[in-house]
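Scroll down for the structure; my scribbles are underneath it.
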Amino acid sequence: MRKTVYLVLCLIALTGFVQAGEAAPKRLSVAEVAQKLHDKNVHVYDCNGPESFASGHVPGAKAIDYADFSAKDLNAGKGDMLIFYCLNEH
């Protein structure tokens, strides 16, 4: 399981939401995300399918359907950091 999570982390591009005044989403390194995993104001979302999520995901990540979600599904405060990842390079 740990090896799978590490592999997933190595293959994904981790990004945050665009906040007011930002030009583009911020890309985070694996190390940056690892440092933020225990922060209560950081929420990590896995945008891969259910099978991929079941086989391994970032610790504490929540599965989310990237094509069908709304702000209420995110369960985050206004100033919280949202991190989304998937195996797709785009």
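When a residue number appears, it is its place in the shown sequence, counting from 1.
Phe53 and Ala63 make their closest contact through CE1-N, 3.6 Å (heavy atoms, listed as atom of the first residue, atom of the second, distance). The minimum heavy-atom distance between Asp39 and Asn41, with the atom names listed, is OD1-N, 2.8 Å.
At a cut-off of 3.5 Å, with distance as the only test, a side-chain donor of Asp80 or His43 sits close to an acceptor on the other residue.
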Practice item. List the steps and the verdict of side chain to side chain contact (heavy atoms under 4.5 Å, CB included) for Ile83 and Tyr45. Key: CA-CA 6 Å; Ile83 300 173; Tyr45 299 94; over 6 Å; no
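Atom CD of Glu32 sits about 12.0 Å away from atom CG of Leu37, to the nearest 0.5 Å.
Tyr85 places a side-chain N or O within donor-acceptor distance of the main-chain N or O of Val58, the cut-off being under 3.5 Å. Put simply, the side chain of Ser55 gets close to the backbone of Ser52: a donor and an acceptor are under 3.5 Å apart.
For the pair Val44 and Met81, the minimum side-chain heavy-atom distance is 4.5 Å or more.
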I'd like a table of donor-acceptor pairs (distance under 3.5 Å, sequence neighbours excluded) in which one partner is a side-chain atom from residues 64-73, with atom names and distances.
residue, atom, partner, partner atom, Å
Asp65, OD1, Ala67, N, 3.0
Asp73, OD2, Ser70, N, 2.8

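For Gln35, the side-chain contact (heavy atoms from CB on, under 4.5 Å) test picks out no residue, with sequence neighbours left out.
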